Amino acid sequence: MAKNLVIVESPAKAKTIEKILGSDFEVKSCFGHIRDLEKDDMGIDIQNNFKPKYAVPEDKEKIVKELKKLAKDTDEVWLATDEDREGEAISWHLCEVLGLDPHTTKRIVFHEITKPAIERAVQQPRLLDMNLVNAQQARRILDRIVGFELSPVLWRKMSMRNSLSAGRVQSVAVRLIVEREREINAFNAVSSFRVEAFFTAKDPQGKSMSFKAEGPGRFKTAEDAEKFLTQCIGAAYTVKDIQVKPGKKSPAAPFTTSTLQQEASRKLGYSVSKTMLLAQKLYESGKITYMRTDSVNLSDTALTDIKQAIDKNWGEKYHQHRKFKNKNESAQEAHEAIRPTYMENSSVDDSDTKRLYDLIWKRTIASQMADAELEKTIAKIDISTNHEELTASGEVLKFDGFLKVYMESRDDEDLTDEEEQEGVLPPLQVKQVVDLKEMKATERFTRPAPRYTEASLVKKLEELGIGRPSTYAPTITTIQKRTYVEKRDKEGVKREFRILVLKADKINKLTDAENTGAEKSKLFPSDLGMIVTDFLNQYFDSVMDYGFTAKIEEEFDEIAHGKKVWNKMLNEFYQPFHQDVANTLEKAERVKGERFLGDDPETGKPVVARMGRYGPMIQIGKAEDEEKPRFAKLKATQSIETISMADAMELFRLPRALGMFEDQEVTVNIGRFGPYAQHDKKFYSLKKEMDPYTVELDEIAPLIVEKRTAKDERTIKIFEKEKIQILKGPYGPYIKQGLKNYKIPKERIDHAADITVEEAKAIIEDVKANPPKKKAPARKKKTE
DNA sequence: CAGTGAGCGAGCTTCCGCTTGACTT
């Protein structure tokens with residue numbers, strides 16, 4: 001038994017630190033928080049100054065028991081949880097649960113897992129900071145109050161039966177997506193004409209080179225653009241002025257959780273949860289530092305390591321020492337930036353993981369490399385027939401610096417037409433005459449802000465100070481699980497644009513077409529998301545305010561600095577908030593999100609789009625009418641807010657009868673699980689590309705045949721009389737009787753085809769006698 | 001697996017932030 005017990009949060013960290021500290025220290029992990037508020041009565045005694053009621057969750061009982069035993073048998077316990085609000089609270093909970101005295105127990109912290117940092121920490125222990133702990137308790141209690149008082153309001157006031165939820169973070173995340181969608185829907189594209197002139201000029205060797213120049217501003221109408229081109233007929237073009245300016249580019253800071261998620265999304269197309277899963281693997285195998293961090297800091301040992309790698313690979317002049325500062329004020333910086341643990345270490349097996357590792361490696365290296373040096377050339381070209389001038393600009397890379405390894409990519413929202421890639425200009429001289437090949441005036445349209453991707457939403461949330469590195473990915477999952485938001489693609493629509501071409505002193509008018517509005521893997525709000533957001537905005541504007549989190553974070557900081565009392569702060573928040581909850585419960589109407597579309601031309605009955613119990617739908621006629629109303633479900637891509645009368649009526653064309661196949665009728669419809677065909681009492685899901693409104697019989701027939709053969713292939717053996725089947729599933733062979741499935745014992749799995757009826761029966765009886773353990777949700781208590 | 005759509009009411013759901021693990025019928 002070691003003399004000292006050190007407790008950290010992460011088990012991977014525990015292993016590394018144990019090696020550094022040696023045999024006098026045993027290092028254990030508590031796996032994050034070990035206590036949480038009870039679920040009953042919110043776990044808060046509001047009348048009694050918001051006194052929290054904590055409990056050890058079921059899935060933490062085992063580790064708590066183990067820590068208790070170790071703490072008892074050791075001379076001294078050291079609390080080494082992360083140095084932030086949550087970490088301080090975890091240490092305090094450890095004191096409470098392990099029976100340690102918070103006034104004497106040693107508390108140590110380090111921001112990096114390096115030998116000097118840890119040895120230094122052990123020499124300078126401090127005590128628990130109860131102010132910081134209280135700031136965390138205030139944070140936790142406020143979130144519980146908001147979540148557990150708002151969610152039930154939704155259950156009462158929304159007409160849909162989902163398990164709805166609301167919270168300080170998720171509801172604002174949904175709001176961002178809803179508002180962006182409406183901005184896009186309300187957007188009117190305005191067009192203007194941009195002039196580009198294509199020239200040739202001779203270089204000193206007499207070789208002809210072509211280059212491009214931009215026109216003077218933009219023309220609002222085709223007439224203005226044509227007028228300008230007409231003026232240019234027969235003109236001579238002379239270089240009037242050349243300016244050469246040096247420029248530079250600097251590398252981006254090393255990765256934090258949020259920037260890693262953004263770059264992995266843009267460069268590798270990973271979802272935020274995929275990025276975090278792969279990063280976790282890299283962390284656990286010791287390849288990278290901790291992946292949930294908001295710090296851009298690199299440890300001194302890392303800096304030395306990185307410098308060595310740069311010097312070795314590219315030479316000293318590529319190295320530049322840099323210290324990055326966090327832009328984000330809410331950052332708590334308990335860890336380092338995300339970086340490789342050793343720059344030398346680069347063998348990663350799995351290809352997806354390797355691509356992420358390479359990204360981290362390059363970003364880390366680049367962050368300590370020299371600026372890239374550029375030379376920007378701007379040439380003004382005079383037009384002899386009018387007073388206008390054209391501008392040609394070019395860029396030459398003089399020294400590549402960090403660009404040798406890494407260039408940060410951008411969200412398309414940051415890109416404007418002006419920032420398109422600069423080309424290289426031929427070596428021009430003032431007074432040189434250049435030859436115009438052609439001049440084009442192209443119609444261009446303004447674009448609305450793009451929809452959020454998972455990663456750009458994380459970026460926005462971080463800017464607003466909402467959420468933490470450990471919650472970005474789960475938050476994105478939650479709002480999709482609640483069906484407030486859906487990630488999907490959107491097909492673009494064709495749009496024509498005009499081009500005026502001046503060539504050989506003649507003007508030609510052309511039209512071309514482009515695809516516009518196409519989106520890939522973007523977040524779209526559902527009708528439910530919109531309705532819930534509108535409701536919350538109407539009754540709980542303070543919590544829904546984008547500045548709400550920032551405002552209460554300031555107060556948490558004041559608590560942490562001992563300038564404010566935590567339960568007083570909570571009371572100031574709670575009184576008006578709870579009043580809003582009570583008022584809303586009493587006064588607000590049940591929300592249906594109804595929108596009137598028009599009258600049905602056939603019957604004259606009103607047609608409305610609204611939210612039903614099972615989702616958005618169209619209703620013709622009223623419930624109180626003698627004839628029952630007709631209903632149709634909206635397609636996944638349609639929404640109550642934007643659907644047209646014509647599209648709504650179109651939905652009533654289902655179910656469709658397609659004709660007979662093998663003497664049985666084939667019909668198509670859309671069900672709970674999407675479009676399907678029905679034939680001989682059996683169901684067949686339509687393929688993704690099949691549209692139930694237009695699909696033909698000869699497309700369905702192969703589907704029916706295909707399913708039959710697939711079933712044959714899945715079947716290993718059938719015992720007709722006993723209704724027992726031996727089937728091949730995704731996890732290997734299994735036995736099916738009636739509708740129930742039974743697992744085949746390991747030792748028989750390889751010989752599944754040889755199983756006899758008796759054997760199969762025995763296996764079924766056996767499984768029935770010893771039912772496999774169900775993986776019960778960890779938080780639920782067993783009632784048996 | 002392929003229904004439904006009004007209203008009532010039983011019994012259920014729900015937050016944010018720390019951290020990994022279990023293992024398919």
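On a predicted model such as this, the values are computed, not experimentally measured, just so you know. Order of the sequence lines sets the chain letters (A, B, ...), proteins ahead of strands, with each chain counted from 1.
- Legend: side-chain hydrogen bond (donor to acceptor under 3.5 Å, both in side chains) pairs involving residues 133-144 of chain A, not counting sequence neighbours, sorted by first then second residue: D36(A)-R140(A), Y54(A)-Q137(A), E86(A)-Q136(A), E86(A)-R139(A), N134(A)-Q137(A), R139(A)-D143(A), D143(A)-R168(A).
- Here dT20(B) presents its C1' atom at 12 Å from NZ of K62(A), a figure rounded to the nearest Å.
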Protein-nucleotides 16-19 of chain B N/O pairs closer than 3.5 Å?
residue : atom : partner : partner atom : Å
dC16(B) : OP1  : V169(A) : N            : 3.0
dC16(B) : OP1  : Q170(A) : N            : 2.9
dC16(B) : OP2  : Q170(A) : NE2          : 3.3
dC16(B) : O4'  : D143(A) : OD2          : 3.3
dC16(B) : O3'  : R168(A) : NH2          : 3.0
dC16(B) : O2   : R139(A) : NH1          : 2.9
dG17(B) : OP1  : R168(A) : NH2          : 3.0
dG17(B) : OP2  : T471(A) : OG1          : 3.0
dG17(B) : O4'  : R139(A) : NH2          : 3.3
dC18(B) : OP1  : R468(A) : NE           : 3.4
dC18(B) : OP2  : S470(A) : OG           : 2.6
dC18(B) : O3'  : E9(A)   : OE1          : 3.2
dC18(B) : O2   : H33(A)  : N            : 2.6
dT19(B) : OP1  : Y290(A) : OH           : 2.3
dT19(B) : OP2  : Y290(A) : OH           : 2.8
dT19(B) : OP2  : R292(A) : NE           : 3.0
dT19(B) : O5'  : Y290(A) : OH           : 3.1
dT19(B) : O4'  : G32(A)  : N            : 3.4

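- Taking NZ of K551(A) as the reference point, atom OG1 of T549(A) lies at 10.5 Å (rounded to 0.5 Å).
- Residue contacts shown for S165(A) are limited to sugar-phosphate atoms, with no base heavy atom under 4.0 Å away.
- The residue among W155(A) and M611(A) whose nearest nucleotide of DNA chain B is located toward the 5' end is M611(A).
- Partners of F652(A) according to the ring-ring contact (aromatic ring centres under 6.0 Å, His included) rule, which considers only residues two or more places apart in sequence or in another chain, do not exist here.
- Taking NZ from K605(A) and CZ from R630(A), the interatomic distance works out to 9.5 Å, rounded to the nearest 0.5 Å.
- At a threshold of 4.0 angstrom between heavy atoms, the contacts of G615(A) include nucleobase atoms, whether or not backbone atoms are also involved.
- Comparing the C1' positions of dA2(B) and dA6(B) gives an interatomic distance of 24 Å, to the nearest angstrom.
- When heavy atoms are screened at a 4.0 angstrom cut-off, T81(A) is found touching no nucleic acid atom at all.
- With sequence neighbours excluded, the residues that form a side chain to side chain contact (heavy atoms under 4.5 Å, CB included) with Y539(A) are F535(A), T584(A), A588(A).
- If you measure from atom CD1 of I618(A) to atom P of dT4(B), you get 17 Å, rounded to the nearest angstrom.
- The CG-P distance, from L282(A) to dT20(B), rounds to 14 Å in whole Å.
- For Y484(A) (side chain) and L164(A) (main-chain N/O), no donor-acceptor pair under 3.5 Å exists by modelled atom type.
- Under the salt bridge (charged side-chain N to carboxylate O under 4.0 Å, His left out) criterion, K633(A) pairs with no residue at all, not counting sequence neighbours.
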Given the rule that a pair is Watson-Crick or G-U wobble with both distances under 3.5 Å, how would you write DNA chain B in dot-bracket, using | for pairs to a different strand? .........................
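- Taking only side-chain atoms of R610(A), from C-beta outward, the nucleotide of dT20(B), dA6(B), dT14(B) with the closest atom is dA6(B).
- Checked against side chain to side chain contact (heavy atoms under 4.5 Å, CB included), V607(A) has the following partners two or more places apart in sequence or in another chain: L597(A), D600(A), I618(A), I620(A), M645(A), M649(A).
- Legend: residues meeting side chain to side chain donor-acceptor pair (under 3.5 Å) with R595(A), ordered by chain and number and at least two apart, are absent.
- Per the geometry, CD1 belonging to I700(A) stands 18 Å off P belonging to dA2(B), to the nearest Å.
- Per the geometry, CG belonging to L154(A) stands 16 Å off P belonging to dT13(B), to the nearest Å.
- Separation of the P atoms belonging to dC12(B) and dC16(B) is 23 Å when rounded to the nearest angstrom.
- Residue R482(A) places at least one side-chain N or O under 4.0 Å from the OP1 or OP2 atom of dC15(B).
- Atom CG of D40(A) and atom P of dC12(B) are 12 Å apart (whole Å).
- In this pair, F148(A) lays its aromatic ring flat on the base of dT14(B), centres within 5.5 Å and planes under 30 degrees apart.
- When the P atom of dT14(B) is taken as reference, atom CG of L528(A) falls 14 Å away, rounded to whole Å.
- Between dC15(B) and dG11(B), the two P atoms lie 23 Å apart (nearest whole Å).
- A straight line from CZ of F548(A) to C1' of dC15(B) spans 13 Å, rounded to a whole angstrom.
- Contacts of L164(A) with the nucleic acid, taken as non-hydrogen atoms under 4.0 Å apart, involve only primed sugar atoms and P, OP1 or OP2.
- H33(A) meets the ring-ring contact (aromatic ring centres under 6.0 Å, His included) test with no other residue; sequence neighbours excluded.
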